[in-house]
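Nothing here was measured: the structure is a model prediction, and the numbers come from that model.
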Amino acid sequence: MIFIDLRDRSGIVQVVCDPQVSPAAFAAAEGVRSEYVLAVRGTVKERPPAQVNPNLPTGRVEVHAAEVRVLSPAKTPPFYIQDDLDVSEDLRLRYRYLDLRRPIMQKGLILRHRVAKAVRDYFDAHGFLEIETPFLTRSTPEGARDYLVPSRVSPGKFYALPQSPQLFKQLLQVAGFEKYFQIVRCFRDEDLRADRQPEFTQIDVEMSFVTREDVLELMEGLVAHVFRETLGIEIPRPFPRITWREAMEKYGSDKPDLRFGLEMVDLSDLLRNSEFKVFSGTIAAGGVVKALRAPGCGGFSRKELSELEEVAKTYKAKGLAWLALPPAEGGEVRGPVAKFLRPDELGAIRERMGAAPGDLILFVADQWEVACTALGQVRLELGRRLGLIPAALPERPTAADFKLVWVVDFPLLEYDPEEERWVAVHHPFTSPHPEDVAKVMDPSFPRERLGEIRANAYDLVLNGVELGGGSIRIHQRPLQERMFELLGFTPEEARAKFGFLLEAFEYGTPPHGGIAFGLDRWVMLLAGRPTIRDVIAFPKTARATDLMVDAPSEVTEEQLRELSIRVEARE
RNA sequence: GGAGGCGUGGUGUAGAGGCCUAACAUACUGCCCUGUCACGGCAGAGAUCGCGGGUUCGAAUCCCGUCGCCUCCGCCA
């Protein structure tokens, strides 16, 4: 009697080879090893009650083999084909076709397909057209580093792979395709992360004659549709909204994780005249003091506190001050800051923080954005330590496992000290907030205050991950010219870089706007995986290499000659 | 560009100056086992400890360099 676990995309079934039923099938099965490809003919039978395997979805039945044929033998795989795999990722990437045999990997790609299908169905039902745009296109300034492709017929010239179809989708609006979408590959030559690959897939959307409200409402419908069709989850609508400013103030991030509270509080007004110069001095210099209450954490050890401080320092904070409240009334308040604070200050802080005995209060004093960001990262670390951020998605996720939020009113511009100029936070075609257009057009508006101007832009954030973002675009020539001016482009430069778009805009441009979602990230979150590599069939390593096909690779002298390219040896 | 972690039979780990002629689990090969499903039993094969240099009487172990993978900062309109 030989038992074979026979696997296909749908799962595993047990094949029973009984020499009394079929001597030939038994003999064939004797030579079968792991991962052999088989053709089995037989009868599906219910198992005897004692032989039922409750751990297997098909555990109530089995196939009694009449015939077993080996279609293809297999070498012993370098790792087990099973879900709970403890093997280095480089090995999985080198043998990706084996890694992808694992049910959990198949589940991820099947989910990915179903998300894409749901997206296409939704847009089709709402009158959108999927239109393809070029991969071989033109390098444009701003944004990420381009992947370049040399041209053979135009020696010395290069195509760029698109960072996104941004310009094309706007040109499609000029062309009259007033509802466009595309599931499209994008390319960015920047350093990688767990949620960043050099090529990734975007759900790209653009619409004419819409306001921000129209876009957000339609996209909430999309998100709800995808959750319903893939996980069977009903996401409550409308999604909450938060301004960028408020997100930074309360959560210290432009992609706040709303699965837990631990909101930050500003104490600058209370500590303006504090004896503690780190606080008062920072405030006098235009900075702020932000604080975070960690409930019941007053007993944290030196080690835990210094680990939290390391987090803060990673994000440019100079330090992390703390106050540990005694577990009962009357005890000593501990912490390096305690002796510098007057009783009235201490009382005011406790009241504002809503602090209870046994709580820990953490402080960062710094310039506003640094203080918010650093303490916001401490907040996330605390969330992990206190178990407020689930380590994994439950077996049957519900709407409560997915906290969606729109972040709106991003700044339009931010100062880049390296380039010594203002750069677009979103991109140069993003329209200012309707209430701020006057400031943009006002030539006397002080340059140093350009950072106050809000954009008509929005991001969708899911569990602290940026799922997508978009904006209402500029469709008026004077406003666009003014934007280029603020970005430091002369009219000639603007024309040289974006001339085709500016020219197109002269032929009647509908007001338009759109959004783009990161498909990989979305599927990653729906599947509860820790990296987008797990939901991409053939991903690249952190150094942007493909370990399976060994790319990038050297090419022949002949190929280089055809492209008029000479490679200089680099150390 | 920077910081950290990891690298020892196919795989996952242990070993932290001499106990290493490198251990354990699993996978693999052969034999036994006619209801197994984390099967079981017996036997066997399989590693110059990522690579290069150095220190030492002696290095998987200490030092320097280098390569690869992962995470994070910078970067990513």
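Under the Watson-Crick and G-U wobble criteria, each requiring two contacts below 3.5 Å, nucleotide B/G46 is left unpaired. Pairing partner, B/G9: none, since no Watson-Crick or wobble contact has both distances short of 3.5 Å. Pair assignment for B/C37 gives none, since no Watson-Crick or G-U wobble pairing has each distance under 3.5 Å. When both pairing distances are held under 3.5 Å, B/U71 makes a Watson-Crick or G-U pair with B/A3.
Taking side-chain N and O atoms only, A/S88 has no distance below 4.0 Å to OP1 or OP2 of B/C6. For A/Y315 and B/C73, the shortest distance from a side-chain N or O to OP1 or OP2 is below 4.0 Å.
Going from the C1' atom of B/G74 to that of B/G7 covers 27 Å, rounded to whole Å.
Residue-to-nucleotide contacts include a donor-acceptor pair under 3.5 Å from the side chain of A/Q14 to the base of B/U36. For A/D18 against B/G35, a side-chain-to-base donor-acceptor contact under 3.5 Å is absent. Judged by atom type and distance alone, A/R193 reaches the base of B/G74 through a side-chain donor-acceptor pair under 3.5 Å.
Remark: ring of A/F79 does not overlap the six-membered base ring of B/U11 in a stacked fashion, as centroids less than 5.5 Å apart with planes less than 30° apart are not both met.
Classified by interplanar angle (parallel below 30°, tilted 30° to 60°, perpendicular above 60°), the ring pair A/F498/A/F484 is parallel.
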I'd like to know whether A/V184 forms a side chain to side chain contact (heavy atoms under 4.5 Å, CB included) with A/F135, so could you lay out the CA-CA distance, the side-chain angles of the two residues, the decisive distance to 0.1 Å, and finally the verdict.
CA-CA 10 Å; A/V184 63; A/F135 279 2; 3.9 Å; yes
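Under a cut-off of 6.0 angstrom, the local environment of CD in A/Q82 is crowded, with over 12 non-hydrogen atoms contributed by other residues, nucleotides or ligands.
The side chain of A/N55 sits closest to B/A38 out of B/A38, B/C75, B/G35.
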